[in-house]
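Below you'll find the structure, written out as structure tokens, and then a few comments.
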Amino acid sequence: MAKVRVTFSDGKVKEYPKGVALADVVRDAGAPEALVAKVDGELRDLSTKLDRDAQVDSVTFEQPEGRQVYWHSSAHLLAQAVKELFPEAKLAIGPPIDDGFYYDIDIGRPFAPEDLEHIEARMRELSKRDEPIERVEIPRDEAIRKYTEAGEKYKLELLQEIPDARVSFYRQDGFLDMCRGPHVPRTGLIKAVKLLSTSGAYWRGDEHREMLSRIYGISFPRQEQLDAYLHQLEEAKRRDHRRIGRELRLFAFADELGQGLPLWLPRGAVVRRILEDYIVDVESKRGYHHVYAPDLASVQLYKISGHWDYFRENMYPPMKVDNEELVLKPMNCPHHIMIYKHEQHSYRDLPVRIAELGRMYRYEKSGTLTGLHRVRSMTLNDAHIFCRPDQVKQEFAAVIELMREVYRDFAIVDYRTELSLHDPKDRQYYHQDEELWMTAEGLLHQVLDELKLPYTPVVGGANFYGPKVDVQVRTAGGKEETLSTVQLDFLLPRRFELEYIGEDGKAHRPVMIHRAILSTMERMMAFLIEHYAGDFPVWLAPEQVRLLPIADRHLEYAQEVRDRLAGHGRRVELDTSNERIGYKIRHPQLEHVPYMLVVGDKEASSGQVAVRSRSSGDLGPMPVEAFIERIAQEVTTRR
RNA sequence: GCCGGCGUAGCUCAGUGGUAGAGCAGCGCACUCGUAAUGCGCAGGUCAUCGGUUCGAGUCCGAUCGCCGGCUCCA
């Protein structure tokens with residue numbers, strides 16, 4: 001009998017009869033938990049028969065690839081449940097996502113919350129039936145006939161684009177779904193399921209096409225894992241900057257004021273001013289020059305820059321005054337370009353780094369606005385570097401270094417870097433000079449590689465004027481968004497005919513780097529609130545110290561201490577209420593004030609304060625001077 | 001902008017067609033207290049807005065506005 005040689009990931013080699021099922025191989029290898037297996041690096045169903053020598057690795061739920069397969073199979077189970085409950089439903093697509101899975105379905109009406117419960121219950125039943133999930137290959141024309149008869153128009157559309165003569169399907173019980181696979185071997189493996197939400201989703205992501213109903217769900221092999229996941233979701237909600245922002249009185253919105261237009265309340269404004277002072281200071285040390293530009297500009301400026309052609313749908317419409325047409329500025333770059341152009345530059349002057357905490361107004365679709373993450377009025381920590389072509393790499397590297405310094409100060413470690421490139425197939429969103437794109441994108445690839453910065457390329461993510469490097473962070477809601485961005489631009493210098501005088505006495509064209517490190521003040525604030533879960537470190541805390549006198553007779557001493565701390569620049573408040581100390585502590589504790597100072601008879605007579613920390617509780621008494629020193633130390637080290 | 005859900009006191013939420021409620025916060029009074037809620041009292045509402053059905057609407061219907069979750073888009 002013919003044999004096949006299997007090499008396992010630990011290097012062991014074993015022989016099996018030719019045609020052995022992968023399920024038997026992985027079981028033999030001591031991996032009964034395997035959901036699928038990799039054969040020479042490619043994911044395969046466990047039912048696959050092995051007919052050649054190969055490297056075989058078992059894949060379980062613990063591995064990201066295993067999860068994806070598991071959730072993909074869960075999406076099929078969801079579809080099966082929906083089809084049983086709503087036979088007229090038309091299925092679209094049902095992929096796994098980072099956290100779970102979804103399926104886009106058309107049942108001619110939206111799903112109601114009760115529908116979800118019924119579907120979820122049906123999924124549990126289907127899991128209990130524990131049917132095998134089998135791969136079947138069907139000739140293409142037969143598949144087309146099946147789907148035409150069934151009226152599955154979305155599947156049919158997908159099928160039209162598959163060139164192969166045979167198309168793979170997966171069958172569980174009577175349910176059949178076109179799918180590339182692979183899948184877990186049995187429905188019974190999908191044990192703990194929760195359908196989380198429904199929403200509308202455009203067919204193929206195109207807002208001009210049908211609106212389908214999407215059901216999101218999550219699943220795990222064990223109930224405890226699902227419970228833990230749901231608990232974690234609840235915990236994340238507690239970090240939500242909208243909730244903490246309201247509770248800590250940092251910012252607010254008012255219906256009367258308009259959508260997406262945040263108000264910075266006094267305590268939030270304190271944090272913002274610290275951030276602004278901080279970044280201006282850091283940038284100044286690195287050769288940036290800070291400027292101010294008006295919020296309004298002639299539409300003419302944006303016609304030259306190209307924003308009018310490529311960015312108009314995000315701009316507020318122009319207002320006519322006298323013989324001018326003015327718009328609210330949606331970006332700062334043209335203004336900084338005007339500043340660059342205001343004087344002549346020698347090659348010796350470059351790079352010129354023009355920075356601004358630039359307030360911008362963008363018309364964002366109403367449905368996209370969320371808290372401070374996405375607003376219509378925002379202030380960007382913006383800068384534009386005008387440099388010679390031979391300086392691009394070093395300037396780019398300097399920006400990345402600056403970013404790393406800033407991230408250290410805020411203890412930001414959890415982020416991902418993307419290289420956003422233009423999509424040659426989608427020309428209308430990008431400037432038309434393909435050669436410029438090649439130059440700019442090639443340069444960015446090179447710079448990132450030299451900096452050893454790992455990144456994910458994103459085709460179609462570029463701005464109209466050039467490619468960019470985006471730093472992605474996660475919100476409490478689990479969504480990714482851009483914090484820092486560095487963009488390379490050969491286009492605007494050309495459109496504005498920017499020049500510098502070279503060594504040869506002739507005019508040359510500079511290159512622009514657009515960059516934002518702290519993002520917008522709004523988004524940074526949202527990020528920091530969630531990052532710290534409201535526990536701002538002392539240097540950022542809107543209120544650093546709350547003074548808590550034990551009784552009325554200690555008010556005078558408390559005031560004295562308050563004044564001394566304020567004299568050292570501390571942000572300090574005094575609780576003058578007639579309450580007992582436990583109650584007085586509760587409030588600053590809930591408001592995330594880092595230090596509480598309790599003063600009573602003992603402290604007043606000895607010139608001390610009893611220090612309580614928000615995080616570690618009672619620290620005992622110490623001289624006022626010692627506390628002042630301690631907190632000053634924390635502020636300078638930004639702890 | 002599109003799909004769905006939601007909108008009752010500053011906040012969290014009860015209230016299934018028949019006289020608008022609770023807790024916390026706020027204000028007043030008393031207690032002067034040692035590390036996360038002292039007690040008593042008082043106030044607080046065009047039930048998002050507008051229209052409709054009904055003898056009667058917080059409750060049912062419609063529109064508008066806003067918020068939330070997605071889609072699309074993006075700092």
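Because the structure is a prediction, the values reported are computed rather than measured. Below, read A as the first sequence line, B as the second, and so on, with proteins coming before strands; counting in each chain starts at 1.
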[atom1] gap between [N] and [M], integer Å:
N	M	atom1	value
B/G66	B/A30	P	48 Å
B/C47	B/A57	P	12 Å
B/A43	B/G51	C1'	34 Å
B/C3	B/G44	C1'	38 Å
B/G58	B/G45	C1'	11 Å
B/A75	B/G23	C1'	41 Å
B/U53	B/C61	C1'	7 Å
B/C13	B/G7	P	11 Å

Contact class for [X] vs. all strands (heavy atom < 4.0 Å): base, sugar-phosphate, or nothing?
X	answer
A/S366	base
A/S484	nothing
A/Y202	base
A/G205	sugar-phosphate
A/N463	sugar-phosphate
A/I585	base
A/E313	nothing
A/T482	sugar-phosphate
A/R242	sugar-phosphate
A/L590	base
A/D601	base
A/R214	sugar-phosphate
A/N578	base
A/D255	sugar-phosphate

**Prompt:** Paired stems touching RNA chain B, three or more consecutive Watson-Crick or G-U pairs with both distances under 3.5 Å?
**Reply:**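 If one scans RNA chain B for consecutive Watson-Crick or G-U pairs, the stems found are B:1-7 with B:65-71, B:10-13 with B:21-24, B:26-30 with B:38-42, B:48-52 with B:60-64.
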**Item:** Neighbour count above 12 (heavy atom, 6.0 Å) for A/E88 CD
**Value:**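 Counting neighbours around CD of A/E88, more than 12 heavy atoms of other residues, nucleotides or ligands fall under 6.0 Å, so yes.
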**Flag if over 12 foreign heavy atoms under 6.0 Å of CG, A/D414** =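 Incorrect, the count does not exceed 12.
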**Asked** Can you give the first and last nucleotides of RNA chain B, 5' to 3', that have an atom under 4.0 Å from a heavy atom of chain A?
**Response**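 Endpoints of the contacted stretch of RNA chain B: B/G1 to B/A75.
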**Request:** Kindly state each residue pair satisfying ring-ring contact (aromatic ring centres under 6.0 Å, His included) with at least one member in residues 457-481 of chain A, sequence neighbours excluded.
**Result:**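 Found A/H307-A/F464, A/Y310-A/F464, A/Y465-A/H514.
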Output all residues satisfying side-chain contact (heavy atoms from CB on, under 4.5 Å) with [X], sequence neighbours left out; order by chain, then residue number.
X	value
A/Y202	A/E207, A/M211
A/A558	A/P549, A/L574, A/V599
A/S377	A/L261, A/R359, A/Y361
A/A81	A/I119, A/R122, A/M123, A/L126

**Request:** Please tell me which of A/E247 and A/Q487 maps to the more 5' nucleotide of RNA chain B, matching each residue to the nucleotide holding its nearest heavy atom.
**Result:**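 The 5'-side residue here is A/E247.
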**Request:** For A/G477 and for A/I550, locate the closest nucleotide of RNA chain B by heavy-atom distance; then report the residue assigned to the nucleotide nearer the 5' terminus.
**Result:**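 It is A/I550 whose nearest nucleotide is closer to the 5' end.
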**Prompt:** side-chain hydrogen bond (donor to acceptor under 3.5 Å, both in side chains) with A/E235: which residues, sequence neighbours excluded?
**Reply:**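 In terms of side-chain hydrogen bond (donor to acceptor under 3.5 Å, both in side chains), with neighbours along the sequence ignored, A/E235 is linked to no residue.
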**Prompt:** Should the pair A/R273-A/E276 be classified as a salt bridge under the 4.0 Å nitrogen-to-oxygen rule?
**Reply:**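 Salt bridge flag = no for A/E276 with A/R273.
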**Message:** If the condition is ring pair (Phe, Tyr, Trp, His ring centres under 6.0 Å), which residues does A/H336 pass it with, not counting sequence neighbours?
**Reply:**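 A/H384.
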**Message:** Taking the side chain as everything from C-beta on, heavy atoms only, tell me whether A/L357 gets closer than 4.5 Å to A/N381.
**Reply:**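 In contact.
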